[in-house]
Amino acid sequence: MDLKQLYQDIILDHGKSPRNFGKCVGYNSEAKGYNPLCGDLVQIYLKLNVEKKVEDLTFEGNGCAISMASASIMTDLVKGKSCEVAKKIIDAFLKMIKSSTEMKSDDLDDDQKTKIMSLSGVKQFPMRVKCATLSWHTLISAMEEKKEEVNTEVID
Amino acid sequence: MNIENIKSQFPIFSKKINGNSLVYLDSSNSSQKPMCVINRLNDFYKNEFSNIGRSIHSLAVSATNKFEETRMSVKNFINANSKDEIIFTKNATESINLVATTFGQQNIVKGDEILITDLEHHSNYVPWHFLRETRGAIIKFAPINDDGDIIIDELKKLITSKTKIIAVTHISNVTGTIVPIKEIVEIAHKKNIPVLVDGCQAVPHIKVDVTDLDCDFYAFSSHKVYGPTGVGILYAKKKWLEELPPYIGGGAMISEVKKDKIIYAKLPEKYEAGTMPTAEVITFNESIKFMEAIGIDNLMKHEKEIKNYALEKLRTINSVKIIGNPKNKAGVIAFMIQGIHPHDIATILDDDGVAIRAGHHCCQILHAKLNLTATARASIGVYNNKDDIDMLCKAIENCRKIFDLK
């Protein structure tokens, strides 16, 4: 995959016009993620219902196209899923971004997988992998209601 | 030496990066190395290697002499008074830590003030922060104006009877601001306050005369001056080096060791404990010769021409904004492209073989002041020419195309 493919339509589209941007109404958990190397910042707002289903998921922040697109696509994919399924999707994404080109998941349809796989090329730019994973780690933190900020220099 | 053909002396420029010729615009971070420097390092290891100091065999004597020759060259290059005022460290960061630690031990007590500026690299802030943590020092920051110049009147106002040292950069590694060191030293010395200068960005690019500047400490590194990594330099006035305690203890920095008493070595060995980066220090002499062969005036003239060309061309590109507009600006150009994050710029430029840096450049205080989290930065070295700047601008245009900017 070359660079132009990485910065393909999906990344630019989501990077420039992120979906689910802002604070959602009635969120009951939030978490903050920070990449001190580039100053990228993301804030996740999560609304879980009594059955532990993701009723709403939004984010705010500023950062590069890769981090914004990644957060945007993530909110699209995880919304409506149970916590358990959401965690599986996160795991699959983190595996893909580090070592695979494919997104292996039974919980997403082909369209959704294609969308998320547009980020897989980032692993060829190791300095940028943390841009792609920041929001996902922050979502884990929100789901687990951890108090401390996610810091890319501390996590893997 | 013909400056127009100088690129041919740097073997790295025959390499392709992502299929393109390398356009290296990251010299503020570290410079590339000319063949004479690479050969010297190789030669020393191949034919001349020995540790320096105590041994009395021929190789050791020769290596020791060469090591001291570099010290002499550095002394002459920055016009120090004595070669005893030149201390080798592992990098400029260590040079500053040496001063902060030893000066702090002897002179800083709770409530004492250290005056730095908003322009400082983390390496000229964090070592002083240690004194805030361990000795209760207070750190004050002299502010800059919107152009990126230190506001000298504000700096003056921040000096109190508690100010124990002023630490300031010679040239900003973000805005390229050339700081009026002489003026600051005069202000400080009127109140008997010593001044440390972080000269990392200055020594490779402008004439530095520490006697004329009259500063007390001056720190820089070899690797930014076309020399090897692993070598830092600390210039300090002799009286300070005699007065301050040693920094790192061990072999070579002692003259006599007994169970109840240790006498430290004379200068400069007092500050050079353990095995030094022998080969790299000896090689650094070749970098100084390289700089001298070009002639600092020629080098300054060339880099100024390239910088002005770059500023002029970058200003014609829509949505490019240059950060800072200081009175005197070196060839360090931080910029933004509206609508594209600096990390995306750096990744996309790299694809065209253009190496720049993106991030906060170890200056988070300055970026917070500018209300930015990151900037892109193109910085010029002696090997850059107008073609490089044309390639930079072309790559920026490609970047804008990918992001569909009008």
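Chain identifiers are assigned alphabetically (A, B, ...) following the order of the sequence lines, protein sequences preceding nucleic acid strands; residue numbering begins at 1 within each chain. Just so it is clear, the model here is predicted, and its values are computed rather than measured.
More than 12 heavy atoms of other residues, nucleotides or ligands shown are found within 6.0 angstrom of NZ on A/Lys113. Counting heavy atoms of neighbouring residues, nucleotides and ligands inside a 6.0 Å radius, atom NZ of B/Lys90 does not exceed 12 of them. Residue-environment remark: CG (A/Asp109) exceeds the threshold of 12 foreign heavy atoms within 6.0 Å.
Rounding to the nearest 0.5 Å places CG of A/Leu12 at 8.0 Å from CD1 of B/Ile402. Taking CZ of A/Phe125 as the reference point, atom CD1 of B/Ile348 lies at 9.5 Å (rounded to 0.5 Å).
Checked against salt bridge (charged side-chain N to carboxylate O under 4.0 Å, His left out), B/Arg315 has no partners two or more places apart in sequence or in another chain. Not counting sequence neighbours, the partners of B/Ser95 by the side chain to side chain donor-acceptor pair (under 3.5 Å) test are B/Thr89.
At a 4.5 Å heavy-atom cutoff, B/Asn18 makes no contact with chain A through either its backbone or its side chain.
When the heavy atoms of residues 59-71 of chain A are compared with those of chain B, the residues falling under 4.5 Å are A/Asn62, A/Gly63, A/Cys64, A/Ala65, A/Ile66, listed by number. Close approach to chain A, defined as a heavy atom under 4.5 Å from one of its heavy atoms, is seen in B/Thr373, B/Ala374 of residues 365-376 of chain B, taken by number.
Taking all atoms of both residues into account, the shortest heavy-atom contact from A/Arg128 to B/His343 is NH1-O, 2.9 Å.
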